[in-house]
Number of protein chains: 4
Amino acid sequence: MSGINKVILVGHLGKDPEVRHLEGNVTVASFPLATSETYNKDGKRIEQTEWHNIVMWRGLADVASKYLQKGKLVYIEGKLRTRSFEDKEGHKKYTTEVVAENFTMLGRKSDFENGTNGTTAQADKSDNPAAASNFSLDPVDDDLPF
Amino acid sequence: MSGINKVILVGHLGKDPEVRHLEGNVTVASFPLATSETYNKDGKRIEQTEWHNIVMWRGLADVASKYLQKGKLVYIEGKLRTRSFEDKEGHKKYTTEVVAENFTMLGRKSDFENGTNGTTAQADKSDNPAAASNFSLDPVDDDLPF
Amino acid sequence: MSGINKVILVGHLGKDPEVRHLEGNVTVASFPLATSETYNKDGKRIEQTEWHNIVMWRGLADVASKYLQKGKLVYIEGKLRTRSFEDKEGHKKYTTEVVAENFTMLGRKSDFENGTNGTTAQADKSDNPAAASNFSLDPVDDDLPF
Amino acid sequence: MSGINKVILVGHLGKDPEVRHLEGNVTVASFPLATSETYNKDGKRIEQTEWHNIVMWRGLADVASKYLQKGKLVYIEGKLRTRSFEDKEGHKKYTTEVVAENFTMLGRKSDFENGTNGTTAQADKSDNPAAASNFSLDPVDDDLPF
DNA sequence: TTTT
DNA sequence: TTTT
């Protein structure tokens with residue numbers, strides 16, 4: 001039977017997305033995302049940071065490589081996937097990743113502007129009106145908002 | 001700026017979906033969904049049921065009308081939408097609905113079989129291979145599970 | 001059987017929380033929250049805003065009245081509850097609210113500082129170390145972050 | 001700043017929970033949970049199962065050890081935590097776990113009855129009135145359902 | 001290692 | 001109006 005495997009994260013990118021192009025014209029983007037939590041221990045405020053390996057495929061990877069950068073605050077929805085691999089010494093290891101299904105940029109509007117290549121905010125805005133900040137691979141049911 | 005508007009429900013259908021066909025060949029299905037919660041009051045076990053108005057559009061409505069029936073247990077993901085209308089006496093009223101984005105059938109396998117018209121489990125299975133129980137309007141990135 | 005009734009929102013407060021004190025020393029805070037969504041219609045970027053009625057009870061209301069203000073960006077988790085009431089003309093009406101179970105402030109750190117009564121950022125920080133921004137009614141399993 | 005780190009799973013236990021008692025009278029329960037997903041590949045129905053390491057602490061572990069068993073269908077909410085350890089050969093490894101914050105049993109009512117040691121349904125029910133199936137570590141705001 |  |  002089918003189950004549910006859903007992850008919801010809000011955090012900051014630890015690095016710019018690393019983009020790879022696989023055969024068949026498939027794009028993959030990956031980056032670490034930090035989610036922080038604060039709690040009290042012996043009256044002191046402790047911050048604990050959890051790091052997540054985020055992976056985005058195809059169209060989502062393309063848009064991620066365009067908009068997401070180190071330090072940005074982002075909401076990510078996805079699913080868990082654990083895969084095994086061999087490290088350099090031939091030891092079998094496991095890694096758990098969050099395969100993103102959609103993301104939304106949070107934070108100041110200026111964060112939605114792509115400044116990596118020196119385009120001005122204005123140019124970006126005309127190219128990307130109104131701080132478009134929600135991205136997904138959903139079908140383009142674009143005409144009606146439901 | 002874009003935000004997040006997400007609802008996650010697991011509950012039972014209170015009625016069979018009501019299906020309407022709008023102009024432009026658009027299908028809409030709607031039904032009430034009950035989510036129950038139990039808590040203790042004065043040592044007695046109380047069950048409180050919340051009713052949700054679920055709305056499904058287009059392809060999701062089509063598949064809902066095929067598989068969902070009164071009493072079935074279902075996981076639904078969607079978003080909130082409040083709209084106004086006038087009742088028969090002309091009074092403005094508001095209703096809040098959950099516009100579903102995908103759903104997954106839970107429960108026994110026999111629940112995934114469409115038994116309304118006496119078709120056998122086998123016939124259902126050939127029509128509906130492997131008790132497919134997760135439905136969404138996501139793009140059919142069907143070849144690879146990520 | 002028990003079900004799941006969960007709402008996850010990220011949006012901005014439309015107003016300051018309105019706080020009431022009920023008998024039995026129970027605090028209730030309520031405010032509207034806007035979640036915006038952008039989509040394309042005929043090549044134009046449309047923003048559609050959904051308004052949610054948020055309700056917080058007891059300790060969560062107390063902390064909300066202290067930290068949440070009009071315009072702030074907040075993550076809210078809660079559940080749906082529809083209740084009926086009579087309006088002034090005696091007509092029965094329904095309203096659906098999101099009863100919050102916890103919230104987390106998002107956005108710039110300066111947003112976490114309570115500036116309503118002129119306390120300085122520094123004073124706020126000592127009172128509220130490290131921009132504590134996650135609030136819930138969970139038990140204070142504070143010593144260990146799991 | 002605080003972030004969000006949330007996991008939502010619906011799946012079946014692969015084994016009975018393994019319960020350990022740590023110093024300080026702390027209980028820990030852990031078990032594997034399977035979430036299955038089906039998709040089409042070349043016209044064939046493929047099922048892919050993802051395994052999650054679930055960990056429950058303290059009171060939640062106690063109730064888990066009482067109600068959860070191999071094969072049961074359960075809704076789990078929690079957060080991701082990756083920790084490192086050394087395997088027998090002294091190699092550093094990482095494992096990602098879902099630290100559960102609450103769970104709800106889904107499925108037939110008979111599944112809520114603890115039949116491992118031959119107690120009757122009736123005895124179970126008196127001990128566990130009304131098939132209580134939602135468990136969490138939330139404060140016992142038991143008198144009012146909000 | 002679950003379930004269908 | 002569901003389910004337990």
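As the structure is a computational prediction, the values presented were derived from the model and not from experiment. A note on names: the letters A, B, ... follow the listed sequences, proteins ahead of strands, and every chain is numbered from 1. When reading the values below, keep in mind they use all heavy atoms of this one structure, side chains included, and skip hydrogens, waters and symmetry mates.
A distance-only check finds no donor-acceptor pair linking the side chain of D16(D) to the backbone of Q69(D) [under 3.5 Å].
Computed from coordinates, the I76(B) CD1 to dT3(F) P distance equals 15 Å when rounded to whole Å. Distance OH (Y94(C)) to C1' (dT1(F)): 13 Å, rounded to an integer number of Å. Distance, F31(B) CZ to dT2(F) C1': 11 Å, rounded to whole Å. Protein atom CZ of F103(B) is 20 Å distant from nucleotide atom P of dT2(F), rounded to whole Å. At whole-Å resolution of the value, CG in L9(D) and C1' in dT3(E) are 15 Å apart. In this structure, Y75(B) atom OH and dT3(F) atom C1' are separated by 20 Å, rounded to whole Å. Distance CG (L106(B)) to C1' (dT3(F)): 13 Å, rounded to an integer number of Å. In this structure, CD of E50(D) is placed 13 Å from C1' of dT1(E), rounded to the nearest angstrom.
Considering V99(C), V98(C), I76(C) as possible partners of V7(C), the one that fulfils the side chain to side chain contact (heavy atoms under 4.5 Å, CB included) test is V98(C).
In this structure, the nucleotide among dT1(E), dT2(E), dT1(F) sitting nearest to the side chain of P32(D) is dT1(E). For E47(B), taking side-chain heavy atoms from C-beta onward, the closest of the listed nucleotides dT3(E), dT3(F), dT1(F) is dT3(F). Of the candidates dT2(E), dT3(F), dT1(E), dT3(F) carries the atom nearest the S36(B) side chain, counting heavy atoms from C-beta on.
In summary, K79(A) and E37(D) engage in a salt bridge, as defined by a charged side-chain N under 4.0 Å from a carboxylate O. Ionic pairing of K6(D) and E77(D) is present here: one or more N-O contacts between side-chain nitrogen and carboxylate oxygen are shorter than 4.0 angstrom.
Among the atoms of the strands shown, base atoms are found under 4.0 Å from some heavy atom of K15(B). Counting non-hydrogen atoms under 4.0 angstrom, G11(B) reaches nothing in the nucleic acid.
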